[in-house]
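To start, the structure under review is shown below, and the notes come after it.
Chain naming here is simple, since letters A, B, ... match the order of the sequence lines and numbering starts at 1 in each.
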There are 2 protein chains.
Amino acid sequence: MAKSKNTEQKIFDAATELFMEKGVDRTSVRDIASKAGINLALMNYYFRSKENLFDTIFTNLVTENTRELLKILNSDMGLEEKIRSYVNAYIDMLTANPLLVPFFMAIIHRSQEKITQMKVISNLYGTEKFSQQIVDEGKKGTIRRTDPSHFFVDMISMITFPFAIRPLIMDRNEMSEEEFNEFIQERKEHVTEVLLKCMMPC
Amino acid sequence: MAKSKNTEQKIFDAATELFMEKGVDRTSVRDIASKAGINLALMNYYFRSKENLFDTIFTNLVTENTRELLKILNSDMGLEEKIRSYVNAYIDMLTANPLLVPFFMAIIHRSQEKITQMKVISNLYGTEKFSQQIVDEGKKGTIRRTDPSHFFVDMISMITFPFAIRPLIMDRNEMSEEEFNEFIQERKEHVTEVLLKCMMPC
DNA sequence: CATGCGTTTAAAATCTAGTTTAAAACAATA
DNA sequence: TATTGTTTTAAACTAGATTTTAAACGCATG
């Protein structure tokens, strides 16, 4: 029982990195083993199969990274403050983990049929309370009447999409890593502003 | 020389469909051959390798589908009309071809290093004229001063991202195919409005 | 009509990847 | 120390993918 947790963890970590970097299908079990510095068969010993290892990792990634965001979305903040914190927290999370979005995009494409994974991701977006808030404030006249589903899609689009096409943005604008990060930091303010402005009761 | 063009085309078409549907890595040359109704080795004869076939298809997909959009972006329309046509044309194009975005996202992840080297990519976003227009009108005061690179990213994010996460949106809102398409059609008006509103000179 | 050329097919060789097996090493404990 | 359960190793197995080679086909031209 000695090194068990240790080895299992090493496999888990190595696989996570490789999956995110090269994609699941382009990562072989042998890659994982060699990166983790363990014997090939141990992957099968601890996780029954590559696909099962992937499921484990995937679920873990989603739940780990969305806890905070969900909390904000379902908090009691006012609409403006909520939007601002959500945008900031989301962008911070993705900045710390820039491969997350491209990885997710690839997974959605890869496993459309795998409903379970879709369900896991759907958790990402527990928006009932937030939607209600938008409808309510629309009725009160505090903001323009706004369709919450479109609004939410706008929001996550503007937040996450730049990470999905990062290489293109960098290439197009001849940006270095740092310049791209600056660009992303600027977007915190920018996206918040766009979202608030378009629901202002003109 | 009899069936040459024919066979080459059959391979090309079959591969295009499969790549878009299942992803490049999960499509085997056998799949392609059987779908195209040709012998396994013919893929190798016409396109030297699977990877080379993929490059050909990818380049073709990009150029075919961006011609129209680029024309609009570099036309002499006024800003408002230009934005409206661009959003409409882009959404129409993706509606006709709903796998395009998820496919691209997967490709960006799959071949990051390769993609920036591909010259076709720069074609995707030839935005000089459009950017200039935004800067000019900002100076004139017709619109708020707006950073063109953020604006352009906002625009393509809101247009394309919903297609990338289509299964999630459908699952979350319990939508049928048709309902999703309606949702997307609504977005033409919605996105245009958001974009125009946020550059209005308050 | 046979020669040559582009095209197509078939079979074999090579490689890569996931999984399994069987035995060895190890650790804990009775 | 002997026993037992866990962990590790090396090697084998299986399946499939890709590439190569050579042979067959069909047709137009000399």
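Atom-to-atom, CG of B/Asn39 to P of C/dG6 comes out at 20 Å; the value is rounded to the nearest Å. Nucleotide D/dA24 holds its C1' atom 13 Å from the CG atom of B/Leu42, rounded to whole Å.
In terms of modelled atom types and a separation under 3.5 Å, the side chain of B/His109 and the main chain of A/Ala164 share no donor-acceptor contact.
Expressed to the nearest 0.5 Å, how far CZ of A/Phe151 lies from CE of A/Met199 amounts to 4.0 Å.
B/Arg110 forms a cation-pi arrangement with B/Phe54, by the criterion of a distance under 6.0 Å to the ring centre and an angle within 45° of the ring axis.
Judged as a side chain to side chain contact (heavy atoms under 4.5 Å, CB included), and not counting sequence neighbours, A/Ser34 has no contacts.
Among the candidates A/Leu195, A/Ile91, A/Ile72, A/Thr192, the single residue satisfying the side chain to side chain contact (heavy atoms under 4.5 Å, CB included) test with A/Tyr86 is A/Ile72.
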Query raised in the report: In the 5'-to-3' direction, what one-character label does each nucleotide of nucleotides 16-21 of chain C receive under the scheme B = base within less than 4.0 Å of a protein heavy atom, S = sugar-phosphate only, - = no such atom?
Result: -BBBBB
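Contact annotation: B/Tyr45 does not reach the phosphate of D/dT20 (side-chain N/O to OP1 or OP2, under 4.0 Å).
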